[in-house]
Amino acid sequence: MLRAKLPFIAAAVIFLCLPYRAFAGDDWQPINPEELKMTADPAHPGDAIMLYHEETADDMTRHRYVYKRVKVLTEKGKDLANVEIEYYGSVVGISDIKARTIAPDGTITPFTGKAFNNTVVKSHSSKYLAKTFTLPNVQVGSIIEWKYTEFWEDLLFAPHWVVQEDLFQKKAKFTFIPFQKAGYTIHDERGDIKDRLFYLLIGLPENTAVKSQTNGRMELELKDIPAFQEEDFAPPADISKMRVNFYYGTNKMAKPEQFWKDEGKYWNKEVESFAGHSTAVLSAVNQVTSPSDTPEQKAHKIYAYVQKIKNLSYTSKEGMLEAILTRENKEKRTVNDVLHNNEGYRDEITRLFWAMARAANLPSYMMRVSDRDEYFFQPTVPNPGQLTSEIAIVVLGDKEVFLDPGTPLCPFGHLAWQHNSTKGMRQEPDGSILLAITPLANYKDAISKRVGHISISDDGSAKGKIGIAWAGEDALIRRLRALRTDDAGRKKQLEDELRALLPQGTSVQLDKVTGWEDGEAELTANFSIDIPSYASSTGKRLLVPTNLFQTRIAQPFAQSERKQPVYFNYPYYHMDDTQITLPATFHIESMAQDGEPIKTDYSLYKVKHSLTGNTVTISRDFAMAGIAIPQKDYPSLRKFYSDVATSDAQPLVLTAVQ
């Protein structure tokens, strides 16, 4: 048994074909009269309670049976009637969906409708399909329950049990029936025989035990499981919830250090096999570069070339899901396929850059990393599934430059935020494979400059112009989001983003945007705005907010206590300049005084006010240099944000001219 804090899904290929057997039927759990009468649980307040949760994963018949029963306690809890079942659509199917609603008086209304297909995007590289349906006649006091079966072929999926849910659970039962059949052998994709079963306990109490039954079943029964509490700016929920993850393995799995050495050798062999010694690669290098180019020029030209290749991970209908499943479900491809078709998935494009750089005699290496929006790499856990993306390293002079050619429009020398400050394994100059960390994230790699010019009218309304320039990560995020829509969609995204910052009721019109297609340039946008009620009137005075871009941003850490560490996706630096032209019929009665900068070891805020004629200029800098703030430092972080909010809230006080 291993304990860890990271989820895991293991898959193995098995050389046999067993018939699929459904597990579902009308064998609902008995209805408990006390549960029907339940109106609330003072010890576990919430909008609903999960009365029962059961999962059975059967690798003998390749299916997973799921059953959930929920008691609705409030009006908001009725939203749980909308059920969403996520699954990997390319390899897994859903069948035998059954559901029903039990009214407080015991009347049963079965679900007779249809489940619809939907798509769920959870991160830049995780895409799932979903079956969605709505239970009928749900009211406060109802019990709702549903069950379904997942099924698949030709693979073994050692299960990962999500023990913790968003609801408090009174009782849960999990069962795993591992594959065990005389005369058959389990192999992984490289041919290694998997002859042992491992499991990880993630976040569960120390006395939790998975019981092995005489018939080979693995079982876990739990009571009174606390609800998982979502918090803003927290690590991904999927790595924070209580879980138990199984996987098939060998004795090597018990020695993580040796496991990663072996895994590194296999990965390196795979990369070399993909790239080979291709004459097509050398031909492409000769077309792109010149013999007189410096190493820096060669690296830039090759990078620009591969960035123009169609990236299927971001443009195809099922791109993100297919990118994950490429190795398991597609015939073997090579760098020649990418060059010939002028298209490839993100890791294939990264490997092409590496192959071309190497052909151009540039010292270059591949690195396989964990995406921080999904996993936090743990070298003590022998799980290759932690490593989800590949990046490249090229040596220019005496410096290693980390590159992300598989991410469209990513600037040269920049890593998408998921790929910095993360760990993985990399190639070394001597041919070995070592565990390593990518460069630390820097707030200077994500800069936004916002400039506003507004004029206040006697009635407190305001009109003006706003210009915004995004650089680095702030620009990349918006460009990647824009890849999945058209010009009208891009326009709406930018207008909605600005509108969410400005006072309620603000009219926002995008006038011009430049830089969508150039990853090396700033992304800039210009807007016209109209704010019906910007300043508020109190008798002969007008109170004019000075925090134009923060008027609707609430203090994100208002709670005095925190359950989880604070986790920002990436550090950033915002610079705001706001010029407010005042009405001639008013003069300034008071203006905020510039105070000392507010700062911690990982954050900085400073603001400056100046007056020229009847125009006030507010210059505001805000930098967040940290990404992971432990719970012990939460009080200082909370105070920092509170002090910033207090400073931002100081208005200009205007008095009518007599």
Side-chain angles (χ1 to χ4, degrees), residues 28-55 66-86 99-107 109 134-147 161-174 202-208 220-244 554-567 631 634-635 637-638 641-642:
W28 300 100
Q29 290 285 316
I31 301 171
N32 185 329
E34 294 302 316
E35 293 176 345
L36 284 175
K37 296 176 184 178
M38 183 189 299
T39 57
D41 187 342
H44 306 284
D47 298 307
I49 287 178
M50 188 168 290
L51 301 172
Y52 185 65
H53 177 188
E54 180 182 352
E55 293 189 20
V66 180
Y67 179 14
K68 295 182 179 181
R69 172 179 282 180
V70 172
K71 174 73 175 186
V72 177
L73 300 175
T74 68
E75 284 292 326
K76 186 177 179 182
K78 290 163 60 176
D79 293 341
L80 295 169
N82 301 309
V83 178
E84 185 175 83
I85 302 170
E86 297 177 4
R100 65 180 187 172
T101 302
I102 307 169
D105 63 2
T107 303
T109 306
T134 301
L135 285 145
N137 302 331
V138 176
Q139 57 186 291
V140 175
S142 294
I143 291 175
I144 57 176
E145 54 185 353
W146 62 95
K147 53 187 174 182
W161 295 335
V162 181
V163 172
Q164 199 171 23
E165 299 273 341
D166 294 339
L167 301 177
F168 170 78
Q169 298 175 76
K170 290 184 70 68
K171 184 178 180 181
K173 180 180 180 181
F174 299 87
I202 305 163
L204 287 158
E206 288 295 328
N207 60 353
T208 303
L220 175 66
E221 293 193 53
L222 298 167
K223 293 182 179 180
D224 298 334
I225 306 169
F228 178 78
Q229 296 185 17
E230 290 276 4
E231 292 180 305
D232 292 334
F233 302 104
D238 284 351
I239 65 172
S240 301
K241 291 181 178 179
M242 297 178 183
R243 289 174 178 258
V244 180
Q555 151 68 296
F557 305 113
Q559 298 295 327
S560 59
E561 295 184 358
R562 180 89 182 178
K563 298 290 184 182
Q564 302 177 55
V566 174
Y567 178 64
Q631 287 166 283
Y634 178 68
L637 177 71
R638 181 169 178 261
Y641 272 87
S642 177

First locate atom [atom1] of [X], then atom [atom2] of [Y], and finally report the distance between them rounded to the nearest 0.5 Å.
X    : Y    : atom1 : atom2 : result
L220 : L204 : CG    : CG    : 7.0 Å
K78  : Q139 : NZ    : CD    : 8.0 Å
F174 : R243 : CZ    : CZ    : 10.5 Å
T74  : D79  : OG1   : CG    : 8.5 Å
I31  : L36  : CD1   : CG    : 6.0 Å
L167 : K71  : CG    : NZ    : 14.0 Å

Heavy atoms of other groups near Q29 CD, more than 12 under 6.0 Å: yes
NZ of K68: more than 12 outside heavy atoms within 6.0 angstrom?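 Check passes, neighbour count above 12.
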Stepwise, does the salt bridge (charged side-chain N to carboxylate O under 4.0 Å, His left out) test hold for R562 with E231? CA-CA 8 Å; R562 180 89 182 178; E231 292 180 305; 3.6 Å; yes
If you look at every heavy atom in [X] and [Y], which pair is closest and at what distance?
X    : Y    : result
S240 : F228 : CB-CE1, 3.7 Å
F168 : I49  : O-CG2, 3.6 Å
A172 : I225 : CB-CD1, 3.7 Å
Q169 : H53  : OE1-ND1, 2.8 Å
M242 : G203 : CG-O, 3.6 Å
R69  : E35  : NH1-OE1, 3.9 Å

Would you confirm whether Q564, through its side chain, and Q229, through its main-chain N or O, come within 3.5 Å as a donor-acceptor pair? yes
Tell me if a side-chain donor or acceptor on K173 pairs with a main-chain N or O of L222 at a distance below 3.5 Å.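 Absent.
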Pi-cation contact, Y52 with K171 (under 6.0 Å, within 45°):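 No, K171 does not lie over the aromatic ring of Y52.
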Taking the six-membered ring for Trp, are the ring centroids of Y67 and W146 within less than 6.0 Å of each other? no
Between E145 and R100, is there a salt bridge with N-O shorter than 4.0 Å?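 Result for this pair is yes, salt bridge flagged.
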Is the shortest heavy-atom distance from the side chain of D47 to the side chain of L73 under 4.5 Å?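 Answer no - side chains too far apart.
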Would you please name every residue forming a side-chain contact (heavy atoms from CB on, under 4.5 Å) with Q631, sequence neighbours left out? P565
Under the salt bridge (charged side-chain N to carboxylate O under 4.0 Å, His left out) rule, what do K241 and D166 come out as? Steps first, then yes or no, please. CA-CA 9 Å; K241 291 181 178 179; D166 294 339; 3.7 Å; yes
What residues, two or more places apart in sequence or in another chain, satisfy side-chain hydrogen bond (donor to acceptor under 3.5 Å, both in side chains) together with N82?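 Only T134 meet the side-chain hydrogen bond (donor to acceptor under 3.5 Å, both in side chains) criterion with N82.
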Stepwise side-chain contact (heavy atoms from CB on, under 4.5 Å) test for V138 and V72: CA-CA 8 Å; V138 176; V72 177; 4.1 Å; yes
